[in-house]
Structures are given as structure tokens and as C-alpha cells.
Amino acid sequence: MSNFETACLTVRLGAVAANFREVRRLAGTAAVAGVVKADAYGLGMAPIARALAAQDCDTFFVARLSEGIALRPVVPQARIFVLDGVTADAVPALLANRLTPVLNSLSEIAAWSAAAREMDTVLDAAVHVDTGMNRLGLPAHELATLSADAATLLRSLRLVLVMSHLACADDPASPMNALQRERFRTALAMLPAAPASLSSSGGVLLGKDYAFDMVRPGIGLYGGNPGKPGASPFAATAQLTAPILQLRRVDRGESVGYGATHRIERPGMLATIAIGYADGVLRALGNVGAAALGGVRVPIVGRISMDLITLDVTDVPPRACETGADVELFGDTIALDEMASAAGTAHYEMLTRIGARVPRRYVEGAR
């Protein structure tokens with residue numbers, strides 16, 4: 001029976017720790033940083049960061065300056081990289097909170113270097129080199145300019161990391177992986193010596209040849225499978241459940257939900273649970289997704305409503321099927337990746353969509 005009147009996202013901190021250790025094993029001698037942007041992919045940045053710090057994780061990545069500011073008191077001694085880089089307005093906050101910007105362009109390098117000179121000090125910096133993602137990072141012509149005059153352009157800066165990002169790491173067979181790896185090696189040869197980082201979770205699974213000096217796992221820590229379909233090396237970290245609000249018997253021929261998009265083909269039992277698209281469950285799962293009750297898979301029938309989802313629980317044993325019983329949307333029976341695939345999206349989106357109306361419950365164990 002549920003202890004909650006609404007849906008609940010249970011976060012297993014022990015699984016986060018186990019996944020961190022697995023990444024460390026896979027990465028060999030490379031350091032392992034924790035990516036906790038977007039509120040640790042929706043799971044809660046502060047408790048996740050504390051769990052990682054307990055595993056001796058001393059480096060973290062966030063996207064936004066505001067995330068770095070919020071993270072600093074949680075891990076006061078850690079290095080925190082801000083992926084968005086630096087603007088003139090951001091300099092005071094970066095300095096006050098001891099945050100290290102990831103510099104994505106020559107103009108950002110110039111801005112951070114100017115801040116260092118104004119303070120008459122040397123500031124740590126990371127440089128992001130684009131190797132084929134064409135999103136953030138120095139493009140080839142800016143890399144060439146930096147390489148030709150690194151002593152001047154990096155004046156007053158201590159280069160503590162050179163990084164890039166793989167575009168197709170979720171597909172081990174993609175030729176983009178090797179192409180980007182070689183482009184990254186070329187870029188490293190053009191710049192002053194510094195620790196190097198290319199891989200997030202998917203890159204970790206490509207092998208040690210992609211690890212370089214540091215890896216940056218995100219989704220792998222949170223139980224997603226970033227590699228080829230099949231068994232994941234990472235433990236399920238999050239379980240999304242919702243209680244049954246009502247059970248009802250239905251006859252053959254009855255319809256379910258808005259638009260009457262599902263017709264009952266046999267007499268049976270429906271369960272309506274307290275979760276919907278307002279909580280972040282994608283509406284695309286209507287009539288195609290599945291949930292689990294008492295370890296039994298049950299189909300989602302009809303359209304997903306703002307606050308409710310209806311399930312066909314006809315095949316669930318009566319002892320498991322009662323008002324208040326917890327239904328799993330993803331977790332142990334329904335893998336996060338399976339739910340994402342049914343919705344036609346990525347597991348990243350499934351996690352980060354879970355809204356604030358769904359309380360987070362933290363447990364220390366791995367199950």
C-alpha cells in the first residue's frame with residue numbers, strides 16, 4: 001500500500017553509489033566526475049551530490065550558473081564546472097562561489113582572462129573544443145587561432161581541463177565515435193598540456209580508449225542505459241509509482257478515456273491511478289505504454305489525462321489489486337529505457353519531466 005496520496009519518485013542513493021563505482025571500474029585510471037545538472041536529471045541535486053561525495057567524487061558538472069551556486073554549499077570542497085561558460089555579468093558570481101567556467105569560444109576565453117588580469121591573479125579554466133557536435137565549444141577556426149597564440153590568449157588562466165562531447169556514443173557502431181576521438185586527440189596536441197575529457201556515460205561504455213583523463217557520467221548514474229539495447233551495467237536508481245484511486249469492472253464494448261480511443265475487448269477490471277501528464281508522464285504513452293502491479297505488467301489503456309492514467313488490470317491476481325496499491329510506471333519491472341522507447345523519446349527526458357508535484361523519497365539502499 002502507498003504511503004502517499006499521490007505519485008512518488010523513490011530515489012535509491014545506494015544505486016547511485018553503486019553506479020558511480022561501476023563507472024570508476026569501467027573508466028580504469030580516469031577520474032570520474034558527477035554530472036548533476038537539471039537537478040541531477042530530476043532526482044534532486046543536493047542528495048545525489050552528497051551520495052556521490054561519499055564515494056569520493058570531488059568534481060561535478062552543472063549547466064547553469066544558478067545550479068553551481070546552489071551546489072556550492074552542498075559540496076564545499078569540490079571543483080564545480082559550469083558548462084554554460086561565462087558572460088561579463090556572471091563573473092562576480094563565478095568568483096564568489098569558486099566555480100570554474102567551461103569556456104566555449106574565444107570571446108569567453110577573453111572575458112575570463114580579462115577578469116583574471118583585473119584581479120591580478122590566475123584563474124582556473126576549462127576549454128570546450130567542438131569535435132563534431134556543432135552545439136557548444138570552439139569550432140575549428142577558433143581552435144586554430146587559440147593554438148597559434150595560446151600564450152597570449154590564455155594569459156592569466158590555468159588550463160585545468162580540455163573537453164569535448166560525443167554525438168553518437170549511444171551507438172557503438174557509429175563511425176562518428178572514432179572520428180570525434182581522433183579530432184579530439186588532434187585538438188589536444190594543439191593546446192597546452194592539460195587533463196582531457198571526452199566521454200559521458202555512453203562514452204564510458206565504448207571502452208578505455210575513450211576515457212582519457214576524466215569521464216563525466218550523467219544518465220548512467222541515474223539508472224539509464226546509454227549504450228546499445230539490452231542488459232544495462234547500471235542499477236535502476238529511480239522508481240516512479242502511483243496509487244490506485246479506483247477499480248471498476250467493465251463489460252466488452254465499453255470505451256476508456258477522452259476520445260474513446262480504447263475499446264474493451266473482454267469483460268475485465270480497470271484501475272485508475274493518481275498520475276498524469278501534469279506530473280511529467282508523456283501523453284504519447286496512452287494506449288501503447290505499460291505499468292506494473294504486483295510484478296505483473298499491465299497495459300495503459302485510453303489517453304493519459306492531466307492527473308490520471310487508466311490501466312487494464314484484468315490479469316492481476318485479486319490480492320495485489322486493491323485501492324491504494326502502488327503501481328510502478330518505471331523502476332524494477334518496467335525499465336526506464338522501455339518506458340522512454342514506448343513514448344518515442346529518451347530516458348533523459350522521462351526523468352527530467354517528472355514534475356514538482358511528485359514528491360521525491362530517498363532511500364539508502366540499492367533496491
Side-chain angles (χ1 to χ4, degrees), residues 30-38 40-41 45 49 52 57-72 75 78-116 122-140 142-143 145-147 150 153-167 169 180 183-184 187-188 190-203 210-219:
V32 181
V35 178
V36 294
K37 61 182 182 176
Y41 292 32
M45 182 175 67
L52 293 173
C57 179
D58 60 4
T59 303
F60 295 86
F61 283 81
V62 296
R64 306 284 184 257
L65 173 60
S66 58
E67 295 173 339
I69 294 171
L71 181 60
R72 172 50 70 204
V75 285
R79 184 188 294 278
I80 301 172
F81 288 103
V82 179
L83 292 165
D84 278 356
V86 61
T87 62
D89 291 345
V91 167
L94 288 165
L95 295 172
N97 291 278
R98 295 178 288 114
L99 306 175
T100 305
V102 176
L103 306 176
N104 295 293
S105 65
L106 289 178
S107 61
E108 290 189 2
I109 291 173
W112 195 234
S113 181
V122 175
L123 293 175
D124 289 351
V127 168
H128 183 182
V129 177
D130 178 48
T131 56
M133 190 78 160
N134 283 303
R135 195 176 58 173
L136 287 179
L138 273 71
E142 290 198 357
L143 172 62
T145 299
L146 179 60
S147 176
L153 296 175
L154 294 174
R155 183 178 49 185
S156 301
L157 299 184
R158 181 185 300 107
L159 193 57
V160 297
L161 187 71
V162 178
M163 63 169 282
S164 192
H165 195 66
L166 293 166
Q180 286 191 264
R183 286 179 175 176
F184 188 52
L188 293 175
M190 297 169 65
L191 295 174
S197 178
L198 177 63
S199 293
S200 54
S201 297
Y210 288 82
F212 290 87
D213 301 301
M214 176 188 289
V215 295
R216 315 181 305 271
I219 194 65

Matching residue for His165 among Gln180, His128, Arg216 - test: side chain to side chain donor-acceptor pair (under 3.5 Å):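 Only one option passes, and that is Arg216.
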How long is the straight-line distance from [atom2] of [Y] back to [atom1] of [X], given to the nearest 0.5 Å?
| X | Y | atom1 | atom2 | value |
| --- | --- | --- | --- | --- |
| Ser113 | Leu106 | OG | CG | 11.5 Å |
| Asn104 | Met163 | CG | CE | 8.0 Å |
| Ile80 | Asp58 | CD1 | CG | 11.5 Å |
| Ser201 | Leu166 | OG | CG | 11.5 Å |
| Phe60 | Met45 | CZ | CE | 10.0 Å |
| Asp130 | Leu138 | CG | CG | 9.0 Å |

Check [X] against [Y] and note the closest heavy-atom contact, atom names and distance.
| X | Y | value |
| --- | --- | --- |
| Thr131 | Arg183 | O-NH1, 3.1 Å |
| Gly203 | Ala169 | N-CB, 3.6 Å |
| Cys57 | Gly34 | SG-N, 3.6 Å |
| Phe61 | Ala33 | CE1-CB, 3.7 Å |
| Leu161 | Ala194 | N-CB, 4.4 Å |
| Pro192 | Leu154 | CG-CD1, 4.0 Å |

Acceptor/donor pairs from residues 81-93 side chains to any protein atom, 3.5 angstrom cut, sequence neighbours excluded:
from, atom 1, to, atom 2, distance (Å)
Asp84, OD1, Arg64, NH1, 3.1
Asp84, OD2, Arg64, NH1, 2.8
Thr87, OG1, Ala90, N, 3.4

Taking the side chain as C-beta and beyond, is there a heavy-atom pair between [X] and [Y] under 4.5 Å?
| X | Y | value |
| --- | --- | --- |
| Pro101 | Trp112 | yes |
| Leu191 | Val129 | yes |
| Leu52 | Val36 | yes |
| Ser197 | Asp213 | no |
| Val127 | Val102 | no |
| Leu153 | Thr145 | yes |
| Thr59 | Met214 | yes |

Derivation and outcome, side chain to side chain contact (heavy atoms under 4.5 Å, CB included), residues Leu99 and Leu65: CA-CA 8 Å; Leu99 306 175; Leu65 173 60; 3.7 Å; yes
Steps toward side chain to side chain contact (heavy atoms under 4.5 Å, CB included) verdict (Thr100, Arg79): CA-CA 7 Å; Thr100 305; Arg79 184 188 294 278; 3.5 Å; yes
